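These figures come from a predicted structure and were not determined experimentally. Letters A, B, ... are given to chains in the order of the sequence lines, protein chains preceding strands, and every chain is numbered from 1. Side chains included, hydrogens not; waters and symmetry mates left out as well; all remaining heavy atoms used.
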2 protein chains.
Amino acid sequence: MTTPATDWLRLDQQICFSLNAASRAFGGVYRVVLKDLGLTYPQYLVLLVLWEHGELPVKRLGEHLRLDSGTLSPLLKRLEAAGLVRRERSARDERSVEVRLTPEGAALRERAAEVPRRIAAATGLDVTEVQDLRDRLERLTAALDAYGTDPAPAPS
Amino acid sequence: MTTPATDWLRLDQQICFSLNAASRAFGGVYRVVLKDLGLTYPQYLVLLVLWEHGELPVKRLGEHLRLDSGTLSPLLKRLEAAGLVRRERSARDERSVEVRLTPEGAALRERAAEVPRRIAAATGLDVTEVQDLRDRLERLTAALDAYGTDPAPAPS
DNA sequence: CGCAACTAAGTTGCGCGCAACTTAATGACG
DNA sequence: CGTCATTAAGTTGCGCGCAACTTAGTTGCG
């Protein structure tokens with residue numbers, strides 16, 4: 001026989017658990033690195049998107065970050081209270097809220113320039129390893145997202 | 001030139017983000033699969049450890065799961081309220097609290113037997129891919145944990 | 001036009017995850 | 001034996017992340 005059932009049945013737990021553990025370990029490193037910017041990791045992600053794309057509605061922000069308004073609304077409120085972003089109703093569509101950087105928020109970009117390098121150093125990975133891992137994880141996420149939607153996918 | 005600075009600087013974000021996204025996608029699948037057991041994923045993890053090791057103190061549980069008492073205490077309280085575990089002060093060391101399964105908690109193991117297979121199916125990965133990914137993630141977690149502790153590790 | 005279906009944000013509630021702190025018990029050491 | 005550092009659990013506070021719901025604005029269609 002190949003793999004005993006008990007071993008096999010434990011692999012799923014190991015993969016999700018190690019994923020989870022790695023994600024939380026990253027959180028710890030980001031917490032240290034972002035401390036003097038006064039940002040949490042999710043807040044930093046929002047600013048990354050805004051630095052790249054300029055202003056955009058909450059909806060689009062959520063698509064980039066895989067987050068819904070239930071998470072983003074209070075988070076953006078905190079960023080606004082910190083003076084880093086402004087939120088204003090779109091004139092074209094009164095349902096939509098445009099999020100844009102304040103001068104302070106835009107200026108923070110330079111102070112954050114060091115962050116990626118420090119994180120990359122903490123991983124101990126080189127560029128090709130990072131790319132490979134990222135690709136695998138994105139395929140995995142796509143497969144997991146398909147669960148429920150697509151119970152019997154055509155084998156590639 | 002090799003990789004432009006901007007590309008390079010973005011890789012860290014991609015790896016942590018895709019890690020995060022995969023972890024949350026897993027959460028969604030587990031939420032569906034664990035729904036009729038009335039468990040969250042962290043609660044399921046606690047039960048997995050108890051099913052394997054029998055009774056053990058909160059401290060040990062936390063070492064297995066990478067969680068502290070701040071997270072475990074309320075979680076265990078909920079599991080106790082659900083009738084799945086009992087908590088009692090150790091006689092040998094009055095500081096310690098032993099967590100053990102109730103008959104109901106032990107019985108839940110059989111109803112949970114299907115879970116790993118369903119999760120494994122949702123990942124679309126085979127055994128070797130899972131092992132490889134898990135190994136990489138564990139090395140990554142170890143590297144991230146060393147951050148701050150070991151600023152200049154000897155290059156293997 | 002009028003009304004139903006849809007869509008974007010926001011709110012509420014709950015369970016982590018973690019920092020910071022408190023309480024209580026143990027161990028070490030003079 | 002007393003005192004002081006250490007350890008285990010628990011509590012508090014806060015920020016996600018997500019389900020479920022509400023509110024308000026838009027679109028489609030007869």
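With rounding to whole Å, A/Tyr30 atom OH is found 18 Å from C/dC18 atom C1'. In this structure, B/Leu72 atom CG and D/dA8 atom C1' are separated by 12 Å, rounded to whole Å. At whole-Å resolution of the value, CG in A/Leu79 and P in D/dC14 are 17 Å apart. Taking atom NZ of B/Lys59 as the reference point, atom C1' of C/dA24 lies 16 Å away to the nearest angstrom. Put simply, CZ on B/Arg60 is 14 Å from C1' on D/dA9, counting in whole angstrom units. When rounded to the nearest whole Å, the span between CG of B/Leu65 and C1' of C/dG17 equals 13 Å. Atom CZ of B/Arg78 and atom P of C/dG13 are 17 Å apart (whole Å). One interatomic measurement links the two molecules: CD of A/Glu63 to C1' of C/dA9, which rounds to 14 Å at whole-angstrom precision.
Residues A/Val97 and A/Leu76 are not in side-chain contact: their nearest non-hydrogen atoms beyond the backbone lie 4.5 Å or more apart. The shortest distance between side-chain heavy atoms of B/Ile15 and A/Ile119 does not fall below 4.5 Å.
Taking 3.5 Å as the limit, the base of D/dG10 and the side chain of B/Ser69 contain a donor-acceptor pair of atoms between them. Judged by atom type and distance alone, A/Arg95 does not reach the base of D/dT26 through any side-chain donor-acceptor pair under 3.5 Å.
Rounded to 10 degrees, the angle separating the terminal axes of the helix from C/dC1-D/dG30 to C/dG30-D/dC1 is 0°, with each axis obtained from five end pairs.
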Notebook entry, point to check: Step by step, would you call A/Arg136 with B/Asp132 a salt bridge (Lys or Arg N to Asp or Glu O under 4.0 Å)?
Noted result: CA-CA 11 Å; A/Arg136 285 168 188 257; B/Asp132 181 62; 3.0 Å; yes
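The side chain of B/Pro42 lies closest to C/dC16 when the candidates are C/dC16, D/dG17, C/dA25. Distances from the side chain of B/Val97 to the nucleotides C/dG15, C/dC18, D/dG10 place D/dG10 closest. The A/Asp68 side chain lies nearest to D/dA19 when the options are C/dG17, D/dC16, D/dA19. The side chain of B/Leu67 approaches C/dG17 more closely than any other nucleotide in the set D/dC16, C/dG17, C/dT11.
Nearest-nucleotide assignment on DNA chain D puts the 5′-proximal partner with B/Leu76, out of B/Leu76 and B/Lys35. Toward the 5' end of DNA chain C, the nearer of the two residues A/Arg31 and A/Arg87, judged by each one's closest nucleotide, is A/Arg87. Mapping B/Arg92 and B/Thr40 onto DNA chain C via the closest heavy atom, the residue that lands nearer the 5' end is B/Thr40. Both A/Asp93 and A/Arg66 lie close to DNA chain D; mapped to their nearest nucleotides by heavy-atom distance, the more 5′-ward contact belongs to A/Arg66.
To the nearest 0.5 Å, atoms OG1 (B/Thr123) and OH (A/Tyr147) are separated by 11.5 Å. If you take OG on A/Ser96 and CZ on A/Arg60, they are separated by 8.0 Å, rounding to the nearest 0.5 Å.
Residue contacts for B/Leu75: at a heavy-atom cut-off of 4.0 Å it reaches the sugar-phosphate backbone alone, with no base atom in range. Within 4.0 Å (heavy atoms only), B/Ser96 reaches sugar-phosphate atoms of the nucleic acid but no base atom.
An OP1 or OP2 oxygen of D/dG10 is reached within less than 4.0 angstrom by no side-chain nitrogen or oxygen of B/Lys77. In this structure, A/Thr71 does not reach the D/dG17 phosphate: none of its side-chain N or O atoms is under 4.0 Å from OP1 or OP2.
Panel note: side chain B/Glu52, backbone B/Val49; no donor-acceptor pair is recorded below 3.5 Å.
The pair B/Glu88-B/Arg86 meets the salt-bridge criterion, since a charged nitrogen lies less than 4.0 angstrom from a carboxylate oxygen.
Aromatic ring orientation, B/Tyr44 versus B/Trp51: perpendicular (interplanar angle above 60°, classes split at 30° and 60°).
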